[in-house]
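The structure appears right after this line, and notes come after that.
To find a chain, count down the sequence lines: A is the first, B the second, and so on, and within it residues start at 1.
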2 protein chains.
Amino acid sequence: MQLDERKYRILQAIIDDYIMTAMPVGSRTISRKAGFSFSPATIRNEMSDLEELGYLDQPHTSAGRVPSNKAYRLYVDHLMKAAKLSPDERERIHDHLIDKSKRVEGVIRSAADVLSDTTKYTSVIVAPKLGTLRIKHVQLVPVADRTALMIIVTSAGIVKDAVIRVPEGLDADDLYSISRMLTQKLADKPLEAVRQAFSEMLRNAEQSRRLLGETLSVIEKKLETGGDASDVVIGGSSNLLEYPEYSDVNKARNFLAVLESKDTLRQLVSRDGGMEITIRIGPENGRPELNDCSIVTASYRVGDHSNGTLGIIGPTRMNYNRVISVLDFMGRALSDVLSEYR
Amino acid sequence: MQLDERKYRILQAIIDDYIMTAMPVGSRTISRKAGFSFSPATIRNEMSDLEELGYLDQPHTSAGRVPSNKAYRLYVDHLMKAAKLSPDERERIHDHLIDKSKRVEGVIRSAADVLSDTTKYTSVIVAPKLGTLRIKHVQLVPVADRTALMIIVTSAGIVKDAVIRVPEGLDADDLYSISRMLTQKLADKPLEAVRQAFSEMLRNAEQSRRLLGETLSVIEKKLETGGDASDVVIGGSSNLLEYPEYSDVNKARNFLAVLESKDTLRQLVSRDGGMEITIRIGPENGRPELNDCSIVTASYRVGDHSNGTLGIIGPTRMNYNRVISVLDFMGRALSDVLSEYR
DNA sequence: TGTTAGCACTCAACATCAACGAGTGCTAAC
DNA sequence: GTTAGCACTCGTTGATGTTGAGTGCTAACA
């Protein structure tokens with residue numbers, strides 16, 4: 001059995017309806033829709049075929065049909081027609097993003113909020129991986145005896161810091177000049193060159209070996225690892241509770257528990273390849289506790305090399321159309337705004 | 001009618017039972033308890049009195065009684081006997097807090113997690129107000145043409161930053177020396193003295209008036225305002241859903257919405273006075289959407305002057321006893337750990 | 001005077017049952 | 001190939017009865 005034109009149209013109508021109402025769709029509902037001149041009986045035959053093909057599920061015999069994950073997959077791959085955002089909405093989004101006084105973290109925070117506001121789903125934004133960035137500035141600040149705060153400013157304007165121990169007897173001025181030296185040696189170099197520069201320094205400066213060693217290891221750690229919790233920003237965590245599929249408190253709790261683990265979350269929205277938009281429907285996202293969630297992600301660039309991810313988590317019955325348009329637009333907007341910081 | 005010894009004991013037993021079970025408590029349940037040699041009928045008479053006095057509510061005629069907010073108030077003020085944490089628990093909490101490589105923000109993050117883990121409620125920690133801190137270091141870092149990142153390190157090791165515009169023609173070295181000058185002038189002074197130092201500088205340095213003006217206003221803003229979202233840290237936001245009083249999705253959503261607004265949250269847990277522990281039961285917290293929540297807060301110190309708040313939000317039927325012990329201990333532990341950074 | 005047994009009463013919770021209706025699958029006619 | 005007709009399924013809704021935990025009151029008891 002093959003999917004002909006009419007089956008496509010019926011399937012599409014069912015998905016559209018189900019996305020709106022969250023109620024199983026019956027044959028009468030479809031036949032009444034504009035553009036269908038067939039009787040419910042005919043629709044029923046087609047629906048029966050679609051069920052056999054795995055595109056529809058029936059919760060029970062006397063209920064209407066519900067789209068399967070396979071149907072959503074087909075929908076996002078072939079049936080969906082791209083929706084454009086209205087100029088109003090575009091403007092609204094832009095307005096929320098371009099506050100010059102906000103730092104990168106602030107922009108990302110706002111972006112997450114706007115994203116969840118406009119889609120009514122839960123949004124997640126992951127900051128760009130530091131490994132792909134360049135160091136702009138390194139600064140050691142004394143905070144206590146033999147303790148200093150190391151601050152790293154990257155080309156994207158992202159600030160990272162860590163506490164390090166310093167040898168006894170170094171005062172603020174010493175740290176000042178060490179910072180200056182470090183900045184000069186390390187600025188605008190990729191991580192590989194940074195490591196190189198360090199081994200050079202280690203050869204020449206016997207006495208400050210410990211300090212340099214620790215500094216390098218901190219820089220490596222900060223720049224190489226996946227990042228810490230602050231790199232993952234969530235917006236609208238309570239939005240999912242608006243949808244009937246999460247009116248069960250247990251499901252809701254499960255979902256919120258996932259949101260609390262930033263590591264899981266980062267993993268979930270991290271992208272496969274260079275595709276514009278990635279859509280994971282239901283079990284495709286790989287986590288059983290999010291079986292009935294879909295995750296849609298897009299990416300944004302900061303400068304030329306490094307990019308972060310922004311995504312939406314919602315029920316599989318998601319308004320993919322709208323979500324994709326919003327994500328697509330937001331991805332570009334974010335890239336624009338953040339690249340100005342360079 | 002007065003509360004005699006027996007009424008106290010019965011009320012206490014009812015509260016204890018209700019905190020455990022969340023079910024209305026009947027007279028039989030109480031009379032069976034160890035230490036009560038009275039028949040259910042006697043208990044019933046007493047309960048009837050307690051109800052008349054406003055300490056008990058009856059959901060409906062044929063149900064047991066539940067403690068009123070007034071009863072909880074009496075409980076926490078007079079009936080409760082302080083529980084001590086086991087050495088095991090103390091150790092566990094301490095272990096989670098003292099990771100030397102974590103900065104203040106990191107410690108607070110861990111503290112929130114430990115707090116919600118040990119109490120099974122939702123925890124909120126507010127970082128100390130910056131206004132009470134001293135500046136340790138100021139650093140301007142070039143990020144783009146005519147734009148610099150200003151980084152302020154305070155005595156508590158808290159880092160704040162903001163983007164500021166700088167006059168054309170200032171290169172990294174210029175910013176370097178300005179930073180150095182600023183740090184020298186401002187370090188270890190309270191805000192009032194900082195303002196003084198600035199007006200002095202403004203008089204002497206005509207040409208850099210704009211830069212200094214902007215710098216001061218940023219410092220003032222960062223140090224004086226209530227703080228931004230990053231100063232409020234939440235742990236275990238999904239914990240409240242474990243409790244039957246929040247099995248209604250609408251209530252749950254309301255609660256989560258409050259958690260999303262950091263401003264509201266900061267206001268909620270901010271302390272009245274210098275009391276060790278503050279307890280707000282039900283409507284006492286002033287927000288109608290949290291009418292059936294209690295908020296218990298304690299404070300912690302960073303150094304001598306500035307202090308932050310840590311708190312627990314849970315159902316009014318809260319294990320006050322345990323929550324108070326944990327908060328009390330955590331407050332001290334946090335103060336200890338954070339004061340080492342000075 | 002305080003305590004207790006006894007008893008009628010209340011009311012949420014639960015189970016049972018019938019009616020309803022949205023929706024299906026099948027068949028026969030168009 | 002399409003459709004009207006019809007029997008059938010099954011979740012939903014509402015009415016009804018039963019159960020049991022718990023109460024309030026009264027009268028008897030120590």
Side-chain angles (χ1 to χ4, degrees), chain A residues 1-11 13-18 20-33 35-68 71 244-245 247-248, chain B residues 1-11 13-18 20-33 35-68 71 244-245 247-248:
Chain A
M1 191 165 13
Q2 265 299 331
L3 283 180
D4 58 15
E5 174 64 18
R6 194 171 66 183
K7 283 194 173 58
Y8 275 128
R9 286 188 51 218
I10 291 176
L11 185 56
I14 293 172
I15 295 175
D16 284 341
D17 194 276
Y18 187 67
M20 294 300 297
T21 65
M23 304 277 280
V25 188
S27 52
R28 259 177 62 84
T29 319
I30 297 301
S31 102
R32 267 200 306 260
K33 279 211 168 167
F36 285 97
S37 49
F38 302 103
S39 78
T42 310
I43 308 283
R44 273 206 293 281
N45 289 330
E46 296 288 49
M47 282 166 92
S48 172
D49 290 352
L50 284 168
E51 185 175 355
E52 202 173 319
L53 287 163
Y55 291 106
L56 294 180
D57 291 331
Q58 213 171 4
H60 54 89
T61 13
S62 69
R65 257 75 166 205
V66 170
S68 68
E245 30 272 86
S247 56
D248 174 25
Chain B
M1 193 167 12
Q2 263 300 332
L3 283 180
D4 57 16
E5 172 64 19
R6 194 170 69 182
K7 283 194 173 58
Y8 274 128
R9 284 188 53 217
I10 290 176
L11 184 56
I14 293 173
I15 295 175
D16 284 340
D17 194 276
Y18 187 68
M20 293 301 297
T21 64
M23 304 278 278
V25 188
S27 53
R28 257 177 61 86
T29 317
I30 297 301
S31 103
R32 266 200 308 261
K33 278 210 172 169
F36 285 97
S37 48
F38 301 104
S39 78
T42 310
I43 308 284
R44 273 206 294 281
N45 289 330
E46 295 289 52
M47 282 166 90
S48 174
D49 290 352
L50 285 167
E51 184 175 354
E52 202 174 317
L53 288 164
Y55 291 106
L56 293 179
D57 291 331
Q58 213 171 4
H60 55 88
T61 13
S62 68
R65 259 80 167 199
V66 297
S68 69
E245 30 272 88
S247 56
D248 175 23

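dG6(C) is paired with dC25(D) under the Watson-Crick or G-U wobble criterion, all donor-acceptor distances under 3.5 Å. Under the Watson-Crick or G-U wobble criterion, with both distances below 3.5 Å, dC30(C) is paired with dG1(D).
At a threshold of 4.0 angstrom between heavy atoms, the contacts of S37(B) are confined to the sugar-phosphate backbone, with no base atom among them.
The NE2-P distance, from H60(A) to dG25(C), rounds to 13 Å in whole Å. Whole-Å rounding puts the R28(B) CZ to dT23(D) P distance at 11 Å. The separation between E51(B) atom CD and dT23(D) atom P is 10 Å, rounded to whole Å. Per the geometry, CD belonging to Q58(A) stands 7 Å off C1' belonging to dT24(C), to the nearest Å. The distance from atom CZ of F38(B) to atom C1' of dA5(C) is 16 Å, rounded to the nearest whole Å. Rounded to an integer number of Å, the gap from CG of D17(A) to P of dG23(C) is 10 Å. The separation between L50(B) atom CG and dG24(D) atom P is 12 Å, rounded to whole Å. Whole-Å rounding puts the M47(B) CE to dC25(D) P distance at 15 Å.
Geometrically, R65(B) does not engage Y55(B) in a cation-pi contact, judged by NZ or CZ lying under 6.0 Å from the ring centre and within 45° of the ring axis.
For the pair R44(B) and S62(B), nearest-nucleotide mapping onto DNA chain C gives the more 5' position to R44(B). When each of S39(B) and T61(B) is assigned the nucleotide of DNA chain C with its nearest heavy atom, S39(B) is the one assigned upstream, toward the 5' end.
Taking OG1 from T42(A) and CD1 from I30(A), the interatomic distance works out to 13.5 Å, rounded to the nearest 0.5 Å. Atom CG of L11(A) and atom CD1 of I15(A) lie 4.0 Å apart (nearest 0.5 Å). To the nearest 0.5 angstrom, R9(A) atom CZ is 14.5 Å from L3(A) atom CG. Here F38(A) contributes atom CZ and N45(A) contributes atom CG; the two are 11.5 Å apart, rounded to the nearest 0.5 Å.
The phosphate of dT4(C) (OP1 or OP2) has a side-chain N or O of T42(B) nearer than 4.0 angstrom. Residue R65(B) places at least one side-chain N or O under 4.0 Å from the OP1 or OP2 atom of dT23(D).
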